[in-house]
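Working notes, beginning with the structure itself.
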Amino acid sequence: MDSSDFLDFLKNRSSVRTYDSVPLQDDDIEYILACAGTAPSAGNLESWDVVVVTDEEVRTALSQAALDQPHVEQAAAVFVVCANYVRAMSRYGERGILYGLEDAVIACTYMMLAAHAKRLSSCWTGAVDDEGVREVLDLPQHIRPIALLAVGRGHPPPVLTSRMDIGEHVHRDIW
Ligand SMILES: Cc1cc2nc3c(=O)[nH]c(=O)nc-3n(C[C@H](O)[C@H](O)[C@H](O)COP(=O)(O)O)c2cc1C
């Protein structure tokens, strides 16, 4: 893939909120996890974990915890990506809270792009009741759910979302 192919690859991804009830292949799940495993992390501590949910009842419960967003229930798999504070804080103290969050966000980004590379659809889902997710999955206290990444065979919207002009984000040399 050359650099312009890479940009096209990124531009062609979109969040998908309508899914068919087709299960994911184990290979696809393993590929997504293998890609996440290559993500950089603070101190290479990999202060993130993921709960891979394919069970329909658990997806339904997660959907309820995600403020009743139907795509969480519809998608074949939900990757619940979590920050592992104990791992990060064992080396970095308070700063480990930030690093744990960052590590989890990068891992989730890799998973989202890995799904796209497999021509699967996904939707990063952050509007959730954290305590609800914690209860459904029996997460320990030092684990914070960061995002529910719904993945499956879906129907991308006909029109891609637009973005701000990149110049609106960028400051050069000084703010
Ligand atoms: C941190 C974060 C939280 C998000 N939470 C939700 C969500 O709860 N539900 C949802 O449908 N989409 C959610 N999204 C997806 C965004 O709405 C979407 O990425 C954005 O509108 C741009 O569209 P695109 O991904 O199709 O390019 C979230 C994305 C991010 C990065």
Side-chain angles (χ1 to χ4, degrees), residues 1-25 27-41 48-54 56 58-83 98-130 132-133 136 144-172 175:
M1 188 190 288
D2 70 20
S3 55
S4 74
D5 289 340
F6 183 60
L7 186 56
D8 284 343
F9 169 77
L10 295 176
K11 282 183 173 172
N12 287 325
R13 182 210 56 81
S14 62
S15 296
V16 172
R17 299 177 179 88
T18 311
Y19 291 88
D20 293 329
S21 57
V22 184
L24 277 194
Q25 306 282 335
D27 281 3
D28 289 333
I29 292 178
E30 294 313 314
Y31 178 83
I32 290 167
L33 295 174
C35 289
T38 71
S41 61
W48 62 273
D49 290 285
V50 62
V51 183
V52 184
V53 176
T54 53
E56 197 176 345
V58 185
R59 282 190 280 123
T60 302
L62 281 180
S63 165
Q64 286 161 1
L67 317 182
D68 290 320
Q69 296 187 70
H71 64 262
V72 175
E73 186 175 19
Q74 270 181 22
V78 183
F79 293 75
V80 183
V81 186
C82 305
L98 176 62
Y99 289 162
L101 293 171
E102 289 178 272
D103 288 0
V105 166
I106 298 168
C108 192
T109 303
Y110 274 43
M111 289 182 209
M112 182 185 73
L113 295 178
H116 185 42
K118 281 276 182 183
R119 298 182 189 280
L120 293 164
S121 297
S122 73
C123 188
W124 188 303
T125 309
V128 304
D129 164 19
D130 288 354
V133 172
V136 170
R144 176 172 178 187
I146 299 305
L148 275 54
L149 185 72
V151 178
R153 304 253 166 226
H155 301 274
V159 181
L160 291 170
T161 50
S162 61
R163 292 289 187 270
M164 291 158 60
D165 187 286
I166 196 63
E168 293 189 45
H169 294 284
V170 179
H171 310 264
R172 299 195 192 269
W175 185 274

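Scope of the values below: all heavy atoms of this structure, side chains included, with no hydrogens, waters or symmetry mates. Not measured: the values here are computed from a predicted model.
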For Val105 and Trp124, the nearest pair of non-hydrogen atoms, with its separation, is O-CH2, 3.6 Å
Ala117: partners by side chain to side chain contact (heavy atoms under 4.5 Å, CB included), with sequence neighbours left out: Phe9, Tyr31
Any sub-3.5 Å donor-acceptor pair from Arg59's side-chain atoms to Thr54's backbone N or O? yes
Here the side-chain hydrogen bond (donor to acceptor under 3.5 Å, both in side chains) pairs for residues 64-81, sequence neighbours left out, are Thr60-Glu73, His71-Thr125
Indicate yes or no: at least one non-hydrogen side-chain atom of Ser121 is less than 4.5 angstrom from one of Tyr19. yes
Could you list the residues that satisfy salt bridge (charged side-chain N to carboxylate O under 4.0 Å, His left out) with Asp8, not counting sequence neighbours? none
Scan for side-chain hydrogen bond (donor to acceptor under 3.5 Å, both in side chains) pairs involving residues 145-166, sequence neighbours excluded, and state none if there are none. Asp20-His155, Thr161-Arg163
Checking His169 now: which residues fulfil ring pair (Phe, Tyr, Trp, His ring centres under 6.0 Å) with it, not counting sequence neighbours? none
Test side chain to side chain contact (heavy atoms under 4.5 Å, CB included) applied to Cys123 and Val16, step by step: CA-CA 5 Å; Cys123 188; Val16 172; 5.6 Å; no
Rounded to the nearest 0.5 Å, what separates atom SG in Cys108 from atom CD1 in Ile106? 11.5 Å
Nearest heavy-atom pair of Pro156 and Gly154: which atoms, and what distance? CD-O, 3.4 Å
For Val81 versus Ala104, what's the shortest heavy-atom pair and its separation? CG1-O, 3.5 Å
Residues in side chain to side chain donor-acceptor pair (under 3.5 Å) contact with Ser4, at least two apart in sequence or another chain: Asp2
My understanding is that only residues two or more places apart in sequence, or in another chain, count here; which of them pass ring pair (Phe, Tyr, Trp, His ring centres under 6.0 Å) with Tyr110? none
Minimal non-hydrogen separation, Ile32 against Ala114, with atom names: CA-CB, 3.9 Å
Taking only residues two or more places apart in sequence or in another chain, which ones pass side chain to side chain donor-acceptor pair (under 3.5 Å) with Asp28? none
Drop me the distance from Cys82's SG to Asp103's CG, to the nearest 0.5 angstrom. 13.0 Å
My understanding is that only residues two or more places apart in sequence, or in another chain, count here; which of them pass side chain to side chain contact (heavy atoms under 4.5 Å, CB included) with Leu160? Asn12, Ser14
Which residues pass the side chain to side chain contact (heavy atoms under 4.5 Å, CB included) test with Val51, not counting sequence neighbours? Val53, Val80, Leu137, Leu139
Please lay out, stage by stage, how Val128 and Leu67 fare under the test side chain to side chain contact (heavy atoms under 4.5 Å, CB included). CA-CA 6 Å; Val128 304; Leu67 317 182; 5.9 Å; no
Within this structure, what is the SG-CG distance for the pair Cys35 and Leu113, rounded to the nearest 0.5 Å? 9.0 Å
Closest non-hydrogen atoms of Ser15 and Pro157, given as atom of the first, atom of the second and distance, are O-CD, 3.6 Å
Could you work out, with side chain to side chain donor-acceptor pair (under 3.5 Å) as the rule, every residue matching Tyr99, not counting sequence neighbours? Arg95
Applying side chain to side chain contact (heavy atoms under 4.5 Å, CB included), can you list everything that pairs with Val136, at least two apart in sequence or on another chain? Val58, Ala61, Leu62
Closest non-hydrogen atom pair, Ser122 against Ala115: CB-CB, 4.5 Å
Decide side chain to side chain contact (heavy atoms under 4.5 Å, CB included) for Leu24 and Leu120; before the verdict, give the C-alpha distance in whole Å, the side-chain angles of both, and the deciding distance to 0.1 Å. CA-CA 9 Å; Leu24 277 194; Leu120 293 164; 3.6 Å; yes
Heavy-atom side-chain proximity of Met111 to Val50 below 4.5 angstrom: yes
